[in-house]
2 protein chains.
Amino acid sequence: MLKIQPLKGMKDYLPDETALREYALNTIHEVYRRHGFSRITTPMLEEIGNLTGSECGDNLNLIFKVLKRGDKLSETLASGRTEALADMGLRYDLTLPLARFYAANRHLLPLPFKVIQMDRAFRAERPQKGRMREFMQCDIDIIGDDSIHAETELIHVTAKALSALGFENFIVLVNDRRLLNGLLVSFGFSQESLPALCLAIDKADKIGVEGVRAELVQKGHNHEAVDALCEFLFRDNLTPENAADRLADKASAESLVCIIRDVHALAGDKYRVAYHPSLVRGQGYYTGAVFEIICPSFSGSIAGGGRYDGMIGKFTGQAIPAVGFSIGFERVCALLSEKGFATSAPVKIAVLYREEHDFAYVLKKADDLAQHHTVTVFRQAKKLSKQLETLEAMGFASVAFADREEIKVLGRYNASEKTTPPAHGTAYIK
Amino acid sequence: MLKIQPLKGMKDYLPDETALREYALNTIHEVYRRHGFSRITTPMLEEIGNLTGSECGDNLNLIFKVLKRGDKLSETLASGRTEALADMGLRYDLTLPLARFYAANRHLLPLPFKVIQMDRAFRAERPQKGRMREFMQCDIDIIGDDSIHAETELIHVTAKALSALGFENFIVLVNDRRLLNGLLVSFGFSQESLPALCLAIDKADKIGVEGVRAELVQKGHNHEAVDALCEFLFRDNLTPENAADRLADKASAESLVCIIRDVHALAGDKYRVAYHPSLVRGQGYYTGAVFEIICPSFSGSIAGGGRYDGMIGKFTGQAIPAVGFSIGFERVCALLSEKGFATSAPVKIAVLYREEHDFAYVLKKADDLAQHHTVTVFRQAKKLSKQLETLEAMGFASVAFADREEIKVLGRYNASEKTTPPAHGTAYIK
């Protein structure tokens, strides 16, 4: 017997769940599109060397690798090079494929290129707390704009998409990797220790400030430097201006101030924006501003992104500025589902036929109704009243019979149980 | 340097190509939906045993297998069981995942269950003649209806979807595996030889009748039996009734006659339906009717399907009738693209700003316009006339300036180059 459950960390979506996902996807897409972003599509699979050579931080260990095939597999097995068994892998995000796409197609693309990706990615995470191994992301990116207007525009459009889905009172947190790195150096930490330091700081939301402090000390960092850093970084009222006081180069702090000022002006009273000095975002490829959106009702972020000016250059040999923002679609859908989302499905009519009817005629009758309604045909059951109950439970508003003129409106939609035609579509009954 | 081309047999889709794909997908989806089918979603990955244990014919050799991870990989490598290096694989079609989905969720689903799947599948084919290794399929299936009405309905709705995309004069070819098997036995071939015989017969479109004849003789089949079979099966005017004359059990031929009669009545003069006695369809899991749609302008089918009453039972232990029809989305898009498809994009407006402008104000101005148009902001270039040409080439109909009232209609859209507001949206200019 074959296994009936989906693989762990992956999910089947029933019709109602799929309808919610489609609604959310279409809503987000429409906002992105209206603001002049264009959608592209890239393959799920990438060359293994592209995936492993791209500063993806923790994701490096989470790649689903695809086994070589045929002679190449035999050769690799014979050679004993077991680290070379895979030649491709499932992408862990949409940013790396975008960078490759841009490098391959840049002669065909406008500059700046404002791009939408809404598609699946895969990470071999230990399944936990609703973390999926297969998940959708909805990304917008601006390639070829080195000004902070790109950051502001992405935050603005992403916030619009979330608002269109009914999200309110969310908070956009912003930081800048250069500012954070500058601060770390100003507290006496070495340049080489910065990536590991950032990884530890990034965990503050999970393990708390004390946890970060303990981890850093345990890793051999100077106790006093760690204390001073944590006190500074995790205090409540730190502003970019305060942070900049410790640095000679104040450019990154000034950029942050501008982004926050503009986003604040755009947000009105719909959402908030705040400097979050310890925000890191996991990816190793971020080079400047980083940002995420959190929701008061949900632990963890519902969107995240940042500037990655170095990545496309890895494909082209020439640096091209880029910045992206990604909506965590699975979390958004989980929240919509908790709020009790219901699709406003168009009126559904069931056309019942019996064995002796001309089936081509039955389908033609259904077609005529389908111009204005969702219509489907079913064989009439022996126990009609039971079948009508089932159809009603399935969301059918009314029933037509292959050999009769009228349409019967089902009880739930018509308390008096009269046999009356619905407002629309009567002209289409033969 | 990382590799910039997509993996072989996989493709990047540019904005225009993605727009065509979205249009085709939405058009097909809308037809399916109106006829009472509901969409589900299943994971791209399946348990390796499900993929290899499911009578998938040639596809068995085309599975992209995913390498085990962590300790399980080490253990397998240490044990030398190199055939067990993979624990999951990318699906090669949407039918197997549907059967698993139905088995897992049947207590939550109506009977009959009319279901839509529009999603990607993967096959490690040798890349050739536009055969993709990653491709979209658009499937409808009816589960739990053992009558031939299910076949007729699927053919009807699939034909409607193709018509909605502008396809005309296509031909629906139908056959029945039981009828074909009965014919083969009636010519003296053994029950055990049927699968291999069918594989050879299936190639007739590629290698010709003589090729089939040669292959069968070469495989050691009786020369006279092969000649008699080929003469019968590939003659021009064979009808299901003629075929049934050779068989004791005429049920499958009678079913075919009914399907053809009903589909013919539904087709009118839009498309044709014909008995194709040598039609096999590659999958090993088909148990009854099989069908495909061919297009005069295209060699190869643009849709294919059939009845697979045995597959769901492999998951549940209890046979459940099922029939499906799948549109070959990649071929359909290739044909649409050849026909010169153009999306009717909504009017696009570019809002140009300069460095000194308040960027939050610029985005607000764009938002107001975005209620009626696709709007995007760009920094104003030093050479404005050159920038306007570029914007026009990108499909922008007009340009607004952050600090001016009017909207400039671009040359291509207004031969007289007057600076006039477009018909809509003027009320939204500040």
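Chain letters run A, B, ... following the sequence lines, proteins first, then strands; residues in each count from 1.
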What part of A:V115 gets closer than 4.5 Å to chain B, counting heavy atoms only: side chain, backbone, both or neither? neither
Heavy-atom distances under 4.5 Å only: say whether A:N26 touches chain B with side chain, backbone, both or neither. neither
Is chain B contacted by the side chain of A:T82, its backbone, both, or neither, given a heavy-atom distance below 4.5 Å? side chain
Does NE2 in A:H264 sit with more than 12 non-hydrogen atoms of other residues, nucleotides or ligands closer than 6.0 Å? no
Under 3.5 Å, which donor-acceptor pairs link side chains of residues 102-113 of chain A to any protein atom two or more places apart or in another chain?
residue : atom : partner : partner atom : Å
A:N105  : ND2  : A:F101  : O            : 2.9
A:R106  : NH1  : A:A103  : O            : 2.5

Given the options B:T42, B:V66, B:L7, which has more heavy-atom pairs under 4.5 Å with chain A than any of the others? B:L7
All heavy atoms of B:M10 vs all of A:M88, minimum pair found to be CE-SD, 4.5 Å
Would you compute the distance between atom CG of B:D262 and atom CG of A:D358 and round it to the nearest 0.5 angstrom? 6.0 Å
Given that the side chain runs from C-beta out, which part of A:H35 has a heavy atom under 4.5 Å from chain B: side chain, backbone, both or neither? both
Taking A:E47 for the side chain and B:K3 for the main chain, is one N or O donor matched with an acceptor at less than 3.5 Å? no
Using a cut-off of under 4.5 Å for heavy-atom pairs, which of A:A265, A:S38, A:P6 has the most such pairs with chain B? A:P6
Non-hydrogen atoms of chain B under 4.5 Å away: do they reach the side chain of A:K114, the backbone, both or neither? side chain
What part of A:L90 gets closer than 4.5 Å to chain B, counting heavy atoms only: side chain, backbone, both or neither? side chain
Heavy-atom distances under 4.5 Å only: say whether A:I40 touches chain B with side chain, backbone, both or neither. both
Once you measure the plane-to-plane angle for A:H149 and B:F359, does it fall in the parallel (<30°), tilted (30-60°) or perpendicular (>60°) bin? parallel
B:T18 versus A:R39, closest heavy-atom pair with distance: CB-O, 3.3 Å
For a quick test of reading the model, state the closest non-hydrogen atom pair linking B:R91 to A:R120 and the distance between them. NH2-NH2, 3.9 Å
